[in-house]
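Numbers here are sequence positions counted from 1. Every heavy atom of this structure was used, including side-chain atoms; hydrogens, water molecules and symmetry mates were not.
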Amino acid sequence: QQAMTSTKAVFNQIQQNIDSDASLVKKIGGVFQFNLTDEGSTETWSVHLKTAPGKVVNAKADKADVTITIAKDDFFAMVDGSLNGQQAFMQGKLRIGGNMAFAMKLGQLFESRAQAKL
């Protein structure tokens with residue numbers, strides 16, 4: 001039942017997407033920071049797509065273009081497609097700090113992931 005309930009698995013997949021699609025760095029061109037909350041604790045990941053080759057790190061970004069804060073369960077629901085990002089934002093489940101226009105590019109990270117069918 002732990003299919004996609006590992007943040008490490010999700011971010012490893014994002015790293016694989018970056019490795020297999022060099023154009024993601026050009027398409028996205030920035031840094032996402034994810035603050036994933038779970039009962040009082042926060043796990044932080046950053047996805048660096050400002051310069052090639054791009055990388056995923058289990059740490060805060062020095063200068064994130066967008067900071068996304070979401071509960072871990074909601075994050076997994078967004079990743080598997082059962083929760084729409086816009087709906088999550090409207091419902092207050094997803095908080096975005098920084099460049100909102102850049103945040104719209106977030107879907108590109110997950111589109112590739114959805115096609116990979118973990």
Side-chain angles (χ1 to χ4, degrees):
Q1 198 177 352
Q2 288 269 315
M4 274 318 290
T5 53
S6 158
T7 50
K8 189 169 175 35
V10 173
F11 286 100
N12 282 346
Q13 184 61 51
I14 290 171
Q15 180 68 63
Q16 288 173 14
N17 292 346
I18 294 166
D19 293 344
S20 65
D21 183 0
S23 72
L24 274 177
V25 174
K26 281 192 186 115
K27 282 188 222 165
I28 295 176
V31 179
F32 290 104
Q33 178 173 306
F34 293 86
N35 298 324
L36 307 175
T37 60
D38 185 22
E39 297 176 17
S41 68
T42 302
E43 187 177 338
T44 303
W45 289 81
S46 51
V47 179
H48 298 261
L49 292 168
K50 200 166 280 246
T51 53
K55 65 182 177 181
V56 175
V57 189
N58 187 189
K60 284 186 175 176
D62 290 336
K63 287 186 178 173
D65 294 287
V66 172
T67 301
I68 292 154
T69 304
I70 187 168
K72 247 186 224 185
D73 290 345
D74 292 330
F75 175 72
F76 293 128
M78 270 182 57
V79 170
D80 74 18
S82 61
L83 177 64
N84 173 292
Q86 283 181 312
Q87 288 173 324
F89 182 74
M90 296 300 191
Q91 294 167 3
K93 294 179 177 182
L94 172 67
R95 292 195 311 277
I96 299 173
N99 184 333
M100 287 293 281
F102 182 75
M104 299 310 233
K105 297 180 179 185
L106 180 63
Q108 294 176 40
L109 291 178
F110 296 113
E111 281 165 20
S112 304
R113 198 214 139 295
Q115 289 161 5
K117 291 277 186 254
L118 271 184

Inset, instruction - To the nearest 0.5 Å, tell me how far Thr42 OG1 sits from Lys60 NZ. - result: 8.5 Å

Legend entry - Non-hydrogen side-chain atoms of Thr67 and Ile96 separated by less than 4.5 Å: no

Inset, instruction - Would you confirm whether Lys105, through its side chain, and Ile28, through its main-chain N or O, come within 3.5 Å as a donor-acceptor pair? - result: yes

Legend entry - CD/Gln91: more than 12 non-hydrogen atoms of other groups inside 6.0 Å: yes

Inset, instruction - Side-chain contact test, heavy atoms from C-beta onward, threshold under 4.5 Å: evaluate it for Val56 versus His48 and give yes or no. - result: no

Inset, instruction - Scan for salt bridge (Lys or Arg N to Asp or Glu O under 4.0 Å) pairs involving residues 91-100, sequence neighbours excluded, and state none if there are none. - result: none

Legend entry - Pairwise distance CG(Asp73) to CG(Asp38) - rounded to 0.5 angstrom: 6.5 Å

Inset, instruction - State the CG-NZ distance between Leu24 and Lys26, to the nearest 0.5 angstrom. - result: 11.5 Å

Inset, instruction - Could you check if a side-chain atom of Trp45 sits within less than 4.5 angstrom of a side-chain atom of Thr7, using non-hydrogen atoms only? - result: yes

Legend entry - Atom pair OG1 (Thr69) and CG (Asp74), whose distance is rounded to the nearest 0.5 Å: 12.0 Å

Inset, instruction - Mind listing the closest non-hydrogen atom pair of Ala88 and Leu83 along with its distance? - result: CB-CD2, 3.7 Å

Inset, instruction - Kindly indicate whether the side chain of Lys50, heavy atoms from C-beta on, has any atom under 4.5 Å from the side chain of Val25. - result: no

Inset, instruction - I would like to know whether Ser46 and Gln33 meet side chain to side chain donor-acceptor pair (under 3.5 Å); could you show each step before the answer? - result: CA-CA 4 Å; Ser46 51; Gln33 178 173 306; 5.9 Å; no

Inset, instruction - Supply the atom-to-atom distance Asp19 CG to Gln13 CD, rounded to the nearest 0.5 angstrom. - result: 10.5 Å

Inset, instruction - May I ask you to decide if Thr44's main-chain N or O and Asn35's side chain share a donor-acceptor pair within less than 3.5 Å? - result: no

Legend entry - Same cluster (ILVMFWY, side-chain, under 4.5 Å), Met100 and Val66: yes

Inset, instruction - Check the pair Val31 / Lys63 against side-chain contact (heavy atoms from CB on, under 4.5 Å), numbers first and verdict last. - result: CA-CA 7 Å; Val31 179; Lys63 287 186 178 173; over 6 Å; no

Inset, instruction - Report yes or no: does Ser6 contribute a side-chain atom to a donor-acceptor pair with the main-chain N or O of Ala9 at less than 3.5 Å? - result: yes

Inset, instruction - Just do the side-chain contact (heavy atoms from CB on, under 4.5 Å) check on Leu94 and Met78 with the steps written out, would you? - result: CA-CA 10 Å; Leu94 172 67; Met78 270 182 57; 4.3 Å; yes

Legend entry - Residue list, ring-ring contact (aromatic ring centres under 6.0 Å, His included) with Phe102, at least two apart or on another chain: Phe32

Legend entry - Point-to-point distance, once rounded to the nearest 0.5 Å, from CG of Asn17 to CD of Gln15: 9.5 Å

Legend entry - Step-by-step side-chain contact (heavy atoms from CB on, under 4.5 Å) determination, Ile18 to Val47: CA-CA 10 Å; Ile18 294 166; Val47 179; 4.0 Å; yes

Legend entry - Residue Lys55 excluded, over 12 heavy atoms near NZ under 6.0 Å: no

Inset, instruction - Determine the interplanar angle of the Phe11 and Phe34 rings, folded into 0 to 90°, and report it as parallel if under 30°, tilted if 30 to 60°, perpendicular if over 60°. - result: perpendicular

